Each structure stands twice: as C-alpha cells, then as structure tokens.
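The next block holds one structure in the form of structure tokens; read it before the comments.
The chains referred to below are lettered A, B, ... by the order of the sequence lines, with proteins before strands, and numbering in each begins at 1. This structure is a prediction, so every number in the text was calculated from the model and none was measured.
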Amino acid sequence: MPDSERKKTFLNLRKKFIESRFKKLNPEQRKAVLSVKGPLLILAGAGSGKTTVLINRIQNLIEFGDAYESNEISDGITDADIDSLKELLVSGKEPSAGMRKLLKTGNIMPWNILAITFTNKAADELKKRISDAVGADSNEVFASTFHSACVRFLRRNSDAAGISNNFDIYDTDDSQRVMKDILKSRGIDSKFISPKAVLSVISRAKDEMNSPDDLRVAASSAREELFATLYHDYQLRLKNSNALDFDDLIYFTVRLLENNPEVKSYYNNRFKYIHVDEYQDTSYAQSRLIYLLTGKEGNICVVGDDDQSIYKFRGATIENILGFEERFPGSRVMKLEQNYRSTSSILNAANRVISNNVGRKGKVLWTDNEDGDLITVYKGERENDEAAFIASKIWENNKKGIPYNAHAILYRMNAQSKIFENYFIRAGIPYVVMGSLRFLDRAEIKDILSYMSILNNPYDDLRLKRVINVPARKIGQRTVENIENIASGLGIPMLEVIANASDFPILERSLKPLKEFYGLYERLAECAADKSISDLLTYVLEETGYLDMLKADGEKGQVRIENVGELMSSVKIFEDEQPEASLNDFLTDMFLASDLDNYSEENDAVVMMTLHNSKGLEFDIVFMPGMEEGIFPGDASRYDEKEIEEERRLCYVGMTRARKQLYLIFAEMRMLFGMTRRNPVSRFIEEIPEEMTNSINTGEKFLTARQKREREERRDPAILKTSITTHSIDKKRSTKKIFKGGDRIIHKVFGRGIILKATEIGDDILLEIDFDDFGKKKAMANYAPIQLDK
DNA sequence: TATCGTAGTGTTTTT
DNA sequence: CACTACGATA
C-alpha cells in the first residue's frame, strides 16, 4: 500500500473512531460535539442535553483536538497502526499512548479551553462533569462564570486596567448605599429620584458599554444629564474606594482588552476554544467580551435558547443570538430539538404556550418520552387552598415513596413562598427556600466581611462606615460625617484621617474612641498579615466585640451566631480547597457567591424558588402556584406585548422544568400587599388546550374567568378586570390617584411625562404616558409610583 | 446616641 | 399584611 493510501485509510478510521467515542449522543448532538472549527451557534431547546453536548465537546477537544475535521496526519503511518486502530474500533478499548498521539491534531491543550457560564453552580457542575469524563487533565480547563473570569483577568492585568489588584467587589446593597450618599450630598430628594432608579440606568449604561461621558453627550434633557453626573460621581466614589461593582467587572475587562492589544493577544493565544452557555442571557458588554476573547480562528461556540431568555429586564439582549452569524462570519448553526426531560404531555403543553410568542427563532421541541399524566390545573378559593392542595399532594406522594426532593414549587415572586412555608411546617414537610435572602445579605455576615474587607483594602470607606460603630463604640453619625469631609477634602481614605485624628480639632471630642478604633484596626491588620483566614475570622469576632454583641442579643443573636458559624465553615472549606489563596481571594469568592450555589438535591426536602432561579434545573414534579393575571403575568407587564412575551418565556421555562408531573395552580381570591384581589386565571393556562389538562375544582368559574377576559378585551367597561375589594379602602390611594389625559405627572423612575390616555379598568386606571426622557410607557395608576406634576 | 413609632413600599435579578 | 427606613424623641 502506498503511503498516501495508507494515510487516507487511517484518516477514515480515525473519523470513525472519534464518532464511536460519542455514539451515546443523538446525531444532532454528535454533530455539535464534533464541529469544533470556527464559530458555532447551538440553539438548544429545554432539556435537550446541552450541558452534555458542552462536556462532550470539551472532551473531544482534549482527546482528539480538531482531528475530526482535520486532514493533518503525521508521516510514517504503518500497516500496524491501521490494524490496531481497526481493532480498537471493534473492541472499544482505550487507545495506547502512542496511538492517542496519532488520533489527536491541532495541539490543543486543556488550558486552551474556556467555558463561561452564568452561575457558579453551572461552572462547578461543568468542572465536575469534565473531570468525570476526562480525568486529571480537566483541572486545566478554564471553566468559570463571566464575573469570576473577569476578576481573574483584571487582577492579573491590574496595571493595564488602571486599577489596583486588591480591589473590592461591591454588591447591589453596597452600590445602593453609595448612591444614597451621593444623592444626599447633592441634595437630591430621593422621593423623585430613587437610588434604585439611578443604579438601574447606570447598570444599563455599563451593559451597553457607555461611560458617564457617553451618557452626558447623549443626554437630551436636564434629567438625563443629571443621571450622567450621578453616574460620574458614582464611578469616582468607587474608584476612590478601590472598588468595582458587578457590572464594572465586565465593563473594565472589555476596556482592558480593547485598549491593550498585548493583553488581548495573550488571551487570544491562551483561549483557542471558547464556549458560552446560556447565550440568550448575555448583555451587549458580555457579548463584546466574548468577541474580544475570540481569536482569529474564531473557535467560538455558544449555546442558547431564545425561548428561555428571561433576563431582558436586566440588560440581556437577544440580539446576541440573532446577530451571531453576522458578527462571526462563517458560523454554523445547529439545533437541538429533542427533549429528554419531560413527558410529552408536559412538553406539548409548554410548546403550545410558547407558540403564542411572535418574536422567535422557531424551534419545535419533540420527545420520545411517554405521554405521562395530563397537566393538572387546580383552582383554590384563596391562596391558602393552593398551599393546602400542594402540601397534601406532596404528603400523599411521600406516602407512596416519592421523596420530598422530587417536588419543586416555582413562583413568580419571593413573597409567595411564605404561605407554603407555614403549611409545610404544620404538615411536617421538609423544605428549602432558595434565593430569597442571600447568605451575604444577612447583616452579621456583611458586617464581618466588611471588617475583613477594610483589612484587605484600607480605601474602602463604605465598609469602614458600615462597621466603625458596630458594635457601638461611641463614634456617632456626626463624627463619621466629619471624618468623611476631612477625607474627601484631603483626598485621602477615611482610615488615614482616623489614624491621624489628633491633627484635626473638629474630631477632638471623639478622639478617644477613634484612637481605640484605630488600635483595634492595627491589631486586626497584624493578625491578617500573618494568620490564616479562619484565625483572622475568629480574631475579628472576639476582638471587635461582635460576638459579645450577638450573645447579648438573646434569641435573635443566637440565630446570628449560627449564621456566623456557617460563615466559619465556608472559610474552612475554602481554605481546604485553596490553601494558597489570600484574604483577597476569599472575599472575591464570597462576594461572587449566591444562595443557589449551595443547593444540592442531596437533602430530602421540597424546593421552593422563583421561576427565574429555576432556570437550568429540573424536577420530577413541579407546582406553579399563582397562575393569575396580575401575578403571572404580573400587573406591570399585562399591557405591553413585549413584556408579556418575556413573562410567557418565563412560564415556558417553569413548565419545562418538570419531568413527570406539572401542576398549574391559581386562586380565585388572594391577599396581596394588604388587599384582597380577585384575579382572572392566567392567560397562560388558557393557552393550553383543555384536552391536555385535567382540571380539579375549576368548574364553571374557570370559564367565567376566560369569558371575563374576552369581554374585557372588547373594552366593556362594565366588566371588571381586576376587582379590588379592599378591607378598608385606603382613602389616600383611591382619591389621590385620579388622572386624566393631558395631566402632567412625575414618575419615580421615568421622571416627568404627560398622560396620553387614561382608561378606567375596574377600580384602577390604565395610563398611557409619554415620558419626556423615556418615551411611551403604560402603567397602572394605583400601582405606579406617580404623582401629579404641580 | 439609642429607641420607638410611623410613613412608605411592595416583580423577576444567575453575578 | 409585613417589612424597612427614617425622623422625632428621650
């Protein structure tokens, strides 16, 4: 056999062999796994095994490089090589080291592979499953969230990025405090501009890679100019505190790569193959980041599902999926449409709901799974019937041997969980509520971490202010303000002012406590310098008197002490896993952590969480309570088709979490925010053909709700959409909120505007408002934060 | 400087 | 309704 012939034979066998390695996958999945060269967009439906595809793709890259799509082959292939490869194909045995070399091309090493996810949980799962698939090499694969990846890039290139490498990370709560300070110092009444509103404008600006100056230039009103100024102030404060917020992590990294070609080319060389999960939820800045990281070869693979895009309100933009092919010329697009998760009843119902959305890429999920049970629709009288029904179902199931953790309750808002907790406690059903209050959001945890933060970063005035008088040490508000003024006057951190307190006459009266505080700081700093993180934590607790303060606080303090204990165990775990890590690393970890990360199916408890948090998870049995107009879809979205579509996608996400059984539940009447409301059944339930559902208790009323909505659509004002029967009608509310067309108003978030149209709906008024700065929007008079503009 | 009372507020938010 | 956050008071 001539050499060229031998090569050809070997190439063919090599392809076959690689294919055989992924024979467990379906043809579409396999194709996605084997297509490693160039840009690839995978449109992966819910439950289509996208994580499996990602893992197999990475495994393929590690074991075979780009061999499947390459004709590259070393010289001197022998007949023996061909024979042994043939044998491997038949026997399915592992290839020898020598053979493995012949099977791999492209010189791709594990550290050339980058995999980006949104949650730590997803990143951890990816790492774990890659390591199960390929073993030791896998540690070198860079699998991480957007934010942790950016932190690493920024710390490594802090000089080029123009920041200090031990920067703090500010979470939403920190940002709000900063903004509140800024508004106060500018004498702006937070009644008309709330810190939240400003921060959301800033956050959006960063998502779109706009600087304060960009915002100023684009401003077309005094209000927008003010926002630009506030943005500017905010960045200045963060800079002076040596801190970045979550959005900055992305924004600064993009700027780093844009402005420093040598840094960019370093990462381009390092990350030859890039993967991004949940691409439908990326912001412009994130997609820009991915674009910059992707080298000339364009080996970028993104996975997403436009039907599961539920974070538009946070800056995610579907343009990233729609414009992918344009941005990366020569892309391939693949679809994964076979669902392995749900029964066909569930999947069909979910398909019916999502098909009502107009703006879709168009995908039809199908499944080989059995039909399974019909979707159960249950109507309760009131919200407690929802809880009673779910509790009794779970109890029955558990008697039958179905574990508690097979059940999940997915709701629209965190406030809904309370009643289930009450019922479950009474029924003795174990449960966990995910994500309502982050561990980090607990005051005691934040306090302790603040102490540690100022040791790591003495410029952190915000966190210094947080703890300077906790526990109370006679340093009052006045004193703090004085220190602040001196500090900003001299352009030095507050801590430095405290260190030299005796130089400033105005601080005379608080000199003693300030000296003591600085002494405390020095002792802590010394401890931080040469002790482990866990020792430091113990020392902080004792030395600051924080623990004593908790001990003195009776029952409440006891709970807090337990939380602090939990913090201690995460420190221990952290030290165990990363013995080399610094205090800085630990704090980063903590501030990028979320409640969700700790969720494990291992303890047998019913899980409750918001629909948003359920993305990416699956459960045998899913309950979705609160399927009512006004709740889901929520009031704010009910009159805007775009927002309804987002709610519908959220509903689709929820429904497709279920493997075997799905319960859609609503109540005829419910207490919400202090008033009893009657809500019609959610349109999403109506979008499911009745023959697909098994209705309990819904009877005639169910139809009435449907008729109600139909009639209302004909704009019959006599029929109430949502009749509000308040206990005692809040007089302020009902008299204050009278608006008519032509009125000028002030909205807390959107500022000034004029009412175009006011339509009475029940006790409420639907307003169409043309805002001076934000254009046309719709709002409900009773709920929107609106006042007449004098 | 701490505490008490009331006015205000109330989606979703992976990081 | 249930929570917080702020301001008036002791």
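When rounded to the nearest whole Å, the span between NZ of A:Lys196 and P of B:dT11 equals 7 Å. A:Lys512 has its NZ atom 16 Å from the C1' atom of B:dT1, to the nearest Å. Between A:Lys312 atom NZ and B:dT14 atom P there is a gap of 19 Å when expressed in whole angstrom units. A:Leu440 places its CG atom 12 Å from the P atom of B:dT14, with the value rounded to the nearest Å. Atoms CD (A:Glu383) and P (C:dC1) sit 12 Å apart, rounded to a whole Å. As a whole-Å value, the separation of A:Glu646 CD from B:dT13 C1' is 11 Å. Nucleotide B:dT13 holds its C1' atom 21 Å from the OH atom of A:Tyr170, rounded to whole Å. Distance CZ (A:Arg442) to P (C:dT4): 12 Å, rounded to an integer number of Å.
Positionally, the nearest nucleotide of DNA chain B for A:Ala472 lies more toward the 5' end than for the other of A:Gly634 and A:Ala472. The nearest heavy atom of DNA chain B to A:Asn414 and to A:Arg478 marks one nucleotide each, and the one closer to the 5' end goes with A:Arg478.
Here B:dT12 is the nucleotide among B:dT12, B:dT14, B:dA2 with the atom lying nearest to any side-chain atom of A:Glu647. Checking B:dT14, B:dT13, B:dT11 against every side-chain atom of A:Thr119, the shortest atom distance belongs to B:dT14. Which of B:dT11, B:dT13, B:dT14 sits closest to the side chain of A:Thr610 comes down to B:dT13. Which of B:dT12, C:dC1, B:dA2 sits closest to the side chain of A:Asn469 comes down to B:dA2. In the set B:dT13, B:dT12, B:dG10, the nucleotide with an atom closest to the side chain of A:Phe673 is B:dG10. Nearest to the side-chain atoms of A:Phe313 among the listed nucleotides B:dT13, C:dC3, B:dT11 stands B:dT13.
A:Asn120 comes within contact range of the sugar-phosphate backbone alone, with a heavy-atom separation under 4.0 Å but no base atom that close. Heavy atoms of A:Thr117 sit nowhere under 4.0 angstrom from any nucleic acid atom. In this structure, A:Leu617 reaches neither bases nor backbone, as no heavy-atom distance under 4.0 Å exists between it and the strands shown.
Look at A:Asn613 and you won't find any side-chain N or O under 4.0 angstrom from OP1 or OP2 of B:dT12. The side chain of A:Lys418 places an N or O atom within less than 4.0 Å of a non-bridging phosphate oxygen (OP1 or OP2) of C:dC3.
Taking A:Asn414 as the reference, nothing meets the side-chain hydrogen bond (donor to acceptor under 3.5 Å, both in side chains) condition, with sequence neighbours excluded. Residues meeting the side-chain hydrogen bond (donor to acceptor under 3.5 Å, both in side chains) test with A:Arg509, sequence neighbours left out: none. In this view, A:Asp589 satisfies the salt bridge (charged side-chain N to carboxylate O under 4.0 Å, His left out) rule with no residue, not counting sequence neighbours. Among residues two or more places apart in sequence or in another chain, the side-chain hydrogen bond (donor to acceptor under 3.5 Å, both in side chains) test is passed with A:Thr145 by A:Ser148. Legend: residues meeting salt bridge (charged side-chain N to carboxylate O under 4.0 Å, His left out) with A:Glu484, ordered by chain and number and at least two apart, are A:Lys465.
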If you apply the rule salt bridge (charged side-chain N to carboxylate O under 4.0 Å, His left out), what do you find for A:Asp207 with A:Arg204, and how did you get there? CA-CA 5 Å; A:Asp207 282 340; A:Arg204 215 57 358 103; 3.5 Å; yes
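No side-chain donor-acceptor contact under 3.5 Å links A:Asp245 and A:Tyr251.
On the C1' atoms, C:dC3 is 25 Å away from B:dT14, given to the nearest whole Å.
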Could you run down the sub-3.5 Å N/O contacts of the protein with nucleotides 5-10 of chain C?
none

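In terms of modelled atom types and a separation under 3.5 Å, the side chain of A:Asn320 and the main chain of A:Thr282 share a donor-acceptor contact.
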